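Computed from heavy atoms alone, side chains included, the values below leave out hydrogens, waters and symmetry copies. Quantities reported herein were computed from a predicted structural model and do not represent experimental measurements.
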Amino acid sequence: MSKKIDLKMLFNGLQSQMISQLSTNREFINHPGSKGDSLENAWIEWLSKYLPNRYSVDKAIVIDHEGNTSHQIDIVIYDNWFTPFIFSQNGFHYIPAEGVYAVFEVKPDLKVKVILSMQQKKLKVLEF
């Protein structure tokens, strides 16, 4: 008979890996743009690995049926089965608002100015 897996310990281990990766990136990547990209890419990679295949995760701009666009969003989780791409080329994506399930902004440090900017981006997406 095989040994039981302690799922709580397994998920705590995965969480520790992610925290370690993000902390290392935050501490040792000094260029602000590169640091931001590395943190975004870590989250995109992690979410893509663990979300069901029906969902995609990308950095993108959300577009509505009238052509109105959001600012660039660090992480967009969207339906890739029933929602066609509007445009996807060389890592740039327009994602139809109707297919978006969640949006996230990834920041290495939180400051009032950054929080207000993130709030504005969120409000723009919610208008769709």
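Side-chain atoms of His31 come within 3.5 Å of backbone N or O of Gly33 as a donor-acceptor pair. In this structure, Asp74 contributes its side chain and Val106 its backbone to a donor-acceptor pair below 3.5 Å. Looking at Lys35, its side chain does come within 3.5 Å of a backbone N or O of Arg26 through a donor-acceptor pair. Between the side chain of Asn41 and the backbone N or O of Asp37, at least one donor-acceptor pair lies under 3.5 Å. Side-chain N or O atoms of Ser70 include one that pairs as donor or acceptor with a backbone N or O of Val62 at under 3.5 Å.
Surrounding CG of Asn53 are at most 12 heavy atoms belonging to other residues, nucleotides or ligands under 6.0 Å away. Atom CD1 of Ile5 is surrounded by 12 or fewer heavy atoms from other residues, nucleotides or ligands within 6.0 Å.
Taken from OG1 in Thr24 to CD1 in Ile29, the straight-line distance is 9.0 Å, to the nearest 0.5 Å. Rounding to the nearest 0.5 Å places NE2 of His93 at 11.0 Å from CD1 of Ile61. Here the straight-line distance linking atom CG of Asp6 with atom CG of Asn12 works out to 8.5 Å at 0.5 Å rounding. Atom CG in Asn68 sits 8.0 Å away from atom CD1 in Ile63 (nearest 0.5 Å). With values rounded to the nearest 0.5 angstrom, Asn30 atom CG is found 9.5 Å from Phe28 atom CZ.
Trp43 and Trp46 have perpendicular rings, their planes meeting at more than 60° on a 0 to 90° scale where under 30° would count as parallel.
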Candidate pair Thr83 and Glu98, rule side-chain contact (heavy atoms from CB on, under 4.5 Å), full reasoning = CA-CA 8 Å; Thr83 306; Glu98 297 80 7; 5.6 Å; no
Full working for side-chain contact (heavy atoms from CB on, under 4.5 Å) between Phe104 and Glu40 = CA-CA 10 Å; Phe104 299 93; Glu40 291 164 15; over 6 Å; no
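Residues Asn25 and Leu39 approach most closely at CB-CD2, 3.8 Å, considering heavy atoms. Arg54 approaches Phe82 most closely through the heavy-atom pair NH2-CD1, 3.8 Å. Closest of all the heavy-atom pairs between Ala42 and Met18 is O-CE, 3.7 Å. Closest non-hydrogen pair, Gln72 versus Lys59, comes out as NE2-CD, 2.7 Å.
The side-chain heavy atoms of Val103 and Ile75, taken from C-beta on, include no pair separated by under 4.5 Å. Between Ile77 and Leu51, some side-chain heavy-atom pair lies under the 4.5 Å cut-off. No side-chain heavy atom of Asn80 sits less than 4.5 Å from a side-chain heavy atom of Tyr55.
Leu7 and Leu14 fall within the same hydrophobic cluster, where Ile, Leu, Val, Met, Phe, Trp and Tyr residues are linked whenever their side-chain heavy atoms come under 4.5 Å apart, directly or through other members. Side-chain heavy atoms closer than 4.5 Å link hydrophobic residues (I, L, V, M, F, W, Y) into clusters, and following such links, even through other members, never connects Val76 to Trp81.
Side chain to side chain, Asp79 and Tyr101 meet the donor-acceptor criterion of an N or O pair below 3.5 Å.
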